[in-house]
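Reading through the structure tokens given below for one structure.
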Amino acid sequence: MNNTNQQRKQGIVTVVGIDRIGIIATVSAALAEYKLNIVDIRQTVMNEFFTMIMVVDLAQAAHTLKDLQSKLAEIGTEQNLQITLQSEEIFHVMHRI
Amino acid sequence: MSYSNQEILETLAMIQMENLDIRTVTMGIHIADCRRDSLQATLDELTKKITRYAGRHVQTCQTIEQELGIPIVNKRLSITPVALALPGFSSEEYVQIAVRLDQIAKDLGVDFVGGFSALVHKGFTNADHALIQALPEALSVTERVCASVSVASTRAGINMDAVELMGRIIRETAEKTGERFGIGAAKLVVFCNPVEDNPFMAGAFHGPSEPEVVVHVGVSGPGVVLAALKNHPDATFDEISEIIKRTAFKITRAGHLVGRIAAERLQVPFGIVDLSLAPTNAIGDSVAEILECMGLEHCGAHGTTAALALLNDAVKKGGAMATTSAGGLSGAFIPVSEDNGMIAAIEAGALSLAKLEAMTAVCSVGLDMIAVPGSTPAETLSALIADEMAIGMINKKTTAVRVIPVPGASVGDHVEFGGLLGRTPILEVSPFSSAKFMQRGGRIPAPIQSLTN
């Protein structure tokens, strides 16, 4: 569908799962492959749960948002992680006036 | 980072854990220009026009849903009240129109189409009569068609002939769908002061003053409000009001975003965001539990009406701050069968029909999704409607009745309607007769607008 929407350039990626070696490596490698530039990244471990939030730039993305979501979800299933990708807009409207 | 972790996690928690959703994106379509000389030509024109505007509706909403990561539960259509837009048909022909609308909805993948409606608060046209007579059959042979009848308004008073008629029509509709617990009646609303831009079912229609085509959004989120209040167990009422306002603000902004994008992509004007706390049977997604969270042992205890008044007003204030396009019904809904807290309160003996009626004086709509014994006389249903209409008329607000006299069921039984319509125990109605009252006929005049004491 309409992917030319200019306001929709950034996305928020969240990754949640049991902490172990290589989560950041796996996810960031995938993002690089799909040409999503990581603008900001934060990570923490809460009660054994690895939680990572990334702001990614979608401007050069190699796929549509829909495809990216399913690819990330695939990786999530393989690695036993919950990975979501959403347009940044919803966070903007809810938290910024 | 442009957002704090807390902000991002808050939004995610609202969507993933607290059932924040866009309840509906409803496209309103004017259909009066679809009237042709013959029924067949009219039906074809209806299909053509609705498909032209709404052909991409569902697909567009699904894309938005995916991009933003927020569920859009229903994709709906509302049309100009059929009795007004397509006059001059017989009851049998109106049934055919309903069947066609159902088919269009199925073909387009929309969940409901609202507007199989008549506005008779001042009086009936021939078309109104024919359409209302068609309701029992139309609602029993269709799945996705929703009907509403406006029988009262603050400016016109209450059309008691219509109220009397609707009691019988509701009974008949329930009986015709008896094998499904009278579900036909769950798709039929009787209104006082209906709004013309309501995206919520079963009462949605595309009002006569609306544009050619428009997109409205209905947002929900009782679970989000409940979760926010639970974090402040000792808040004062002022603080509670603040918390609800802030939460409602955020929810409405999400709705506004969805509406704006949907309108842009469908190339249709954006109408309104209706922020209504519409409960579902999901855990925690309950308006009753919000009231209980304020300190009531059960919804229905003394204090419930006051709590609901606070909630309803704070929701409106937050919503109105978030978008200039706030509209529709905006407030708190109390559909009994769709709210686990309400169901539990009835089972505990805490909530009665009388208390529900009082609550409707301060909340968004009215007696909603109330199941009563199938043996309830039509005139008792009519009188129950009359009371509710009086509350709306005098208080200058929208009220509605969606009551299901479940065939074969009596007080203490449970019925399961399924889906968003939920399940409920059968409520007790007054055993005393209103028959003579309902036989009188005529109108209850519109109320005086001064001397407001």
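We use all heavy atoms of the structure for the numbers below, so side chains are in, but hydrogens, waters and symmetry mates are not. The chains referred to below are lettered A, B, ... by the order of the sequence lines, with proteins before strands, and numbering in each begins at 1.
- Side-chain contact between B:I70 and A:M94 is absent, with no heavy atoms from C-beta onward closer than 4.5 Å.
- Proximity to chain B is absent for every atom of A:L68, based on heavy atoms less than 4.5 angstrom apart.
- Ring geometry for A:H92 against B:Y3 counts as perpendicular: the plane angle is over 60°, on a 0 to 90° scale with 30° as the lower cut.
- How far CG of B:L12 is from OG1 of A:T51: 10.5 Å, rounded to the nearest 0.5 Å.
- Contact annotation: the side chain of B:H256 never approaches that of A:V93 to less than 4.5 Å [non-hydrogen atoms, C-beta and beyond].
- Within a 6.0 Å sphere centred on CD1 of A:I18, other residues, nucleotides and ligands contribute more than 12 heavy atoms.
- To the nearest 0.5 Å, atoms CE (B:M321) and CD1 (A:I97) are separated by 6.0 Å.
- Both the backbone and the side chain of A:I90 come within less than 4.5 Å of a heavy atom in chain B.
- Proximity to chain A is absent for every atom of B:Q62, based on heavy atoms less than 4.5 angstrom apart.
- With a 4.5 Å cut-off on non-hydrogen atoms, B:I64 does not touch chain A at all.
- Looking at heavy atoms from C-beta onward, A:H95 lies in side-chain contact with B:K250 at the 4.5 angstrom threshold.
- Heavy atoms of other residues, nucleotides or ligands lying less than 6.0 angstrom from CG of A:N80 number 12 at most.
- The CZ atom of A:F91 sits 11.5 Å away from atom CG of B:L257, with the distance rounded to the nearest 0.5 Å.
- Under a 3.5 Å cut-off, the side chain of A:Q69 and the backbone N or O of B:Q66 do form a donor-acceptor pair.
- A heavy-atom distance below 4.5 Å is found between the side chains of B:I15 and A:Q86.
- By the 6.0 Å contact criterion, CD on B:Q6 is open, its count of non-hydrogen atoms from other residues, nucleotides or ligands being 12 or less.
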Item to check | side-chain contact (heavy atoms from CB on, under 4.5 Å) evaluation trace for B:I8 with A:R42 | outcome: CA-CA 11 Å; B:I8 289 176; A:R42 267 181 224 174; over 6 Å; no
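- In this structure, no portion of A:Q43 lies under 4.5 Å from any heavy atom of chain B.
- Side chains of B:E67 and A:E89 form no contact here, defined as non-hydrogen atoms less than 4.5 Å apart.
- Atom NZ of B:K48 is surrounded by 12 or fewer heavy atoms from other residues, nucleotides or ligands within 6.0 Å.
- More than 12 heavy-atom neighbours from other residues, nucleotides or ligands sit within 6.0 angstrom of CD on A:Q79.
- Counting heavy-atom pairs under 4.5 Å between each of B:E10, B:M14, B:R253 and chain A puts B:R253 at the top.
- Within 6.0 Å of NZ on A:K35 lie no more than 12 heavy atoms contributed by other residues, nucleotides or ligands.
- Taking CG of B:L68 as the start and CD of A:E88 as the end, the distance is 10.5 Å to the nearest 0.5 Å.
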